Amino acid sequence: MSALWWSIWGMGAGLFAAAEFAMPDLVHNVPQLSMPHLRMWHVNGVAIGWLSMGYVGAMFHMVPTLCKTKLWSERLGNFTMWAWNLVMVGAFCTLLNGNTEGREYAELGAVLDVFVVIALVSIAFNIYMTIINRKVKKLYVSLWYFLGSLFWFPLVYIIGQRTFVALPGLNDAIVGWFYGHNILGMWFTTVGVGMMYFLLPRLTQAPLYSHGLSMLGFWGIALFYAPTGTHHILQSPVPEWLKAIAIISSIFLLVPVLTVLTNFFMTMKGKWGMVVTDLPLRFAATSCMFYLITCVQGPFQATRWVNWYLHFTQWVVGHAHLALLGTFSFILTSAFYYSIPRLTGREWYSQGLIRGHYWLKFLGFLLMMVSLTTAGLIQSAGWAFGVPVDQWSLQIRPYWFLRELSGIMILLGQLIFAYNAYKTLYSPQVAAATTPPPMPKPIEVKV
Amino acid sequence: MYGYRVGAIAILTTFMIIIFSTVLMPMVLFNPEPTKTRNDYTVEKIANAHRGRQVYVREGCFYCHTQFNRLQDRGYGPLVRAGDYVFETPHQLGTARTGPDLTNEGGRMSSEWQKAHLINPRAVKPGSIMPSFSYLSDRDMNDLVAYIQTLGNKRKSTHFVEAPDEYRNTTGAGQALLNRKTVDTNATASANAGRGIYTQNCAVCHGLEGWGNGPNAITLEKKPANFSRPFYKQYPDEFWFYRISEGVAGTRMPRFGEVLTEEQRWYLVAYLKTLPQSKEITIDNLNQLNKVEQIKLPVLTNQQYEPHTGDE
């Protein structure tokens with residue numbers, strides 16, 4: 001058991017560090033060689049390498065815990081881990097050389113796509129079998145989310161790659177954004193929210209506020225998330241009815257988001273003081289806050305009139321970072337900090353480093369958000385008033401540098417995290433560890 | 001156990017319905033006919049634009065350059081239609097504009113300019129943040145330029161600058177403005193009336209002849225427009241009026257709507273319309289700038305200090 005965990009977490013940690021290396025280069029944006037290649041690698045490295053891999057690792061921990069059983073097949077788990085790492089190595093080599101399919105979020109070439117699908121299907125199979133063999137009768141809401149995501153994501157991924165079909169341009173774009181938004185909606189969001197449902201009650205040692213609300217949230221996301229993709233191309237000549245569906249469901253997304261967050265905040269009620277001392281909880285609570293901001297921002301900028309003004313600008317880039325970095329990266333980090341001691345029976349090497357990680361990442365992210373949003377507003381004004389590009393691009397230069405600074409802070413935070421994880425996992429056994437401390441008893445969650 | 005099965009079936013059905021409505025239905029219902037303005041890389045071998053497109057994809061140009069223009073993008077050429085994209089696979093619509101939109105880029109600049117710009121963007125466009133693509137092979141570079149030159153070059157249009165809606169008869173405000181207009185902007189008399197207003201307000205930057213050679217021109221980073229360019233022939237009256245009234249953001253062109261009455265601005269439009277010529281008159285010499293003549297100020301009595309002439 002532990003070998004699997006170690007390798008997954010270890011590789012995950014090693015890989016995200018590598019993945020995050022792409023970031024300062026992205027945020028560099030002072031002219032430099034082949035920035036677009038780095039951008040492809042940044043998106044894929046962070047989305048597929050860091051977030052997805054971390055998610056799968058977290059699921060491999062949370063699902064057996066919630067089902068009170070073992071993972072169905074550890075061998076299969078190990079296999080998926082290696083397959084995934086192979087994909088990442090392949091992605092690194094191909095994307096930096098410009099071997100891309102030229103579709104945002106779906107840049108990986110055909111061979112790598114096949115590997116990803118194989119890995120995803122085997123992960124899904126593994127988790128489904130685990131859940132079928134569960135020892136508890138009722139499914140906790142996190143399991144619903146994981147089940148849903150693992151069903152949706154392979155499908156969405158297969159549809160989204162379009163490797164073996166050549167669709168006419170605009171249809172290609174429609175399918176592309178179906179995928180591009182649902183990799184967020186049906187994978188990052190649903191797994192991330194499932195993790196929040198797992199972590200918050202456990203960390204606060206309080207029962208979840210309402211199981212009914214959580215179910216409402218789950219079905220709301222299942223219903224309204226999938227068709228929103230077209231809001232990325234609202235102003236292009238795609239059919240109006242499709243745009244209308246996308247906008248309406250984007251706005252309806254407020255329903256599941258607000259139910260989910262009500263649930264979280266009511267669970268946290270009276271426990272907010274705990275974020276001072278409980279570091280994983282601090283990450284999780286920050287993540288919830290950012291989730292609130294992202295999801296209020298999202299429907300608002302999907303409406304026609306706001307989109308008219310804000311589209312094409314760095315505002316949108318800020319929004320994407322708010323979702324992936326602010327929300328889902330934070331909740332994943334929280335999951336790491338929560339699980340590693342429970343999996344390995346070792347305490348974290350240094351609490352101070354965790355604090356350092358938190359503040360670097362948090363402040364770095366705030367700085368990034370502010371600079372991107374401001375730059376976006378300047379650009380929006382530029383487009384709306386017909387200012388030539390070479391004029392407004394001078395005005396947003398300071399914000400590029402601010403963003404670079406924030407990127408350095410975030411990367412530094414991640415490096416501290418990686419160092420901490422390495423020291424925790426591979427430091428010579430301390431005396432206490434030879435007789436492993438009793439695993440903290442999982443808190444019974446009333447559902 | 002039942003709840004679990006019902007749930008699974010429900011997830012399956014909702015998801016399939018959604019896939020059907022947003023993925024399959026558009027494929028069936030939405031089949032735009034190719035328009036005349038599309039580029040078909042498979043049939044017409046436009047130089048090596050087909051290969052150039054692959055270079056465009058490979059280098060990830062679409063992360064910063066979009067390929068669809070919108071109603072509000074003034075000065076970015078005629079609007080695209082659905083049929084223009086039939087052969088654009090993989091689509092290069094793009095999501096963010098860190099650089100300008102390239103929908104109608106073809107023919108806007110010469111191929112030599114495009115190539116120089118790819119090799120060192122800042123040599124031809126100071127302040128640009130575009131990365132240099134000097135590492136491309138000569139063949140890649142030429143093909144890429146060929147591709148850029150096909151972008152939208154079939155979307156020919158007699159005028160593709162439109163004033164904002166509030167200056168056109170599409171809105172109430174625009175209609176009211178046009179109803180108040182009493183000046184015949186096509187009459188020579190109006191142009192003559194406008195010339196005086198021009199000399200007072202505009203010539204200091206744009207020059208007496210409108211060649212962009214006013215005495216102030218030398219100090220401005222963004223040079224004043226040279227009205228002899230044939231490009232300006234396509235400006236509709238409303239657009240001239242809009243530019244005069246609201247100025248050009250990002251440049252030193254002020255908002256003359258604050259200074260001149262509507263009537264004066266329409267006279268000015270009448271004059272400006274006469275300036276574009278069949279060939280641009282280029283100013284490439286300091287001697288071609290308009291000189292400031294000595295202004296004779298009234299002599300003060302009991303003057304204590306002589307103006308410093310710098311001759312001592």
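No experiment lies behind these values; they were computed from the predicted model shown. Chain naming here is simple, since letters A, B, ... match the order of the sequence lines and numbering starts at 1 in each.
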A/F252 atom CZ, over 12 foreign heavy atoms within 6.0 Å
no
Heavy-atom pairs under 4.5 Å with chain B - which of A/F151, A/W392, A/W152, A/F178 has more of them than the others?
A/W152
Are the side chains of B/T98 and A/W400 in contact, using a 4.5 Å heavy-atom criterion?
yes
Value rounded to 0.5 Å, distance of NE2 in B/H91 from OG in A/S236
9.5 Å
Would you mind checking which part of A/Q235 comes under 4.5 Å of any heavy atom in chain B, side chain (CB onward), backbone (N, CA, C, O), both or neither?
both
So, taking the atom named CZ in B/R70 and the one named CZ in A/F312, what distance separates them when rounded to the nearest 0.5 Å?
5.0 Å
Least distance between heavy atoms, A/P237 atom then B/A82 atom:
O-CB, 3.5 Å
Just wondering, more than 12 heavy atoms not from B/R252 lying within 6.0 Å of its CZ?
no
Counting only heavy atoms closer than 4.5 Å, note whether A/F218 contacts chain B via side chain, backbone, both or neither.
side chain
Which portion of A/W219 sits near chain B, non-hydrogen atoms under 4.5 angstrom
side chain
Atom NE2 in A/H311, atom OG1 in B/T95: separation rounded to 0.5 Å?
7.0 Å
With sequence neighbours left out, what residues match B/D140 under side chain to side chain donor-acceptor pair (under 3.5 Å)?
B/R51, B/R58
Which atom of A/A173 lies closest to which atom of B/L93, heavy atoms considered:
CB-CD1, 3.5 Å
Which atoms of A/I396 approach chain B - backbone, side chain, both or neither, heavy atom under 4.5 Å:
neither
To the nearest 0.5 Å, how far apart are OH in B/Y85 and CG in A/D172?
12.5 Å
Check whether NZ of the Lys or CZ of the Arg B/R97 lies under 6.0 Å from the centre of the six-membered ring of A/W383 and within 45 degrees of that ring's axis.
yes
Would you check if B/E88 and A/L170 make a side-chain contact, meaning some heavy-atom pair closer than 4.5 Å?
no
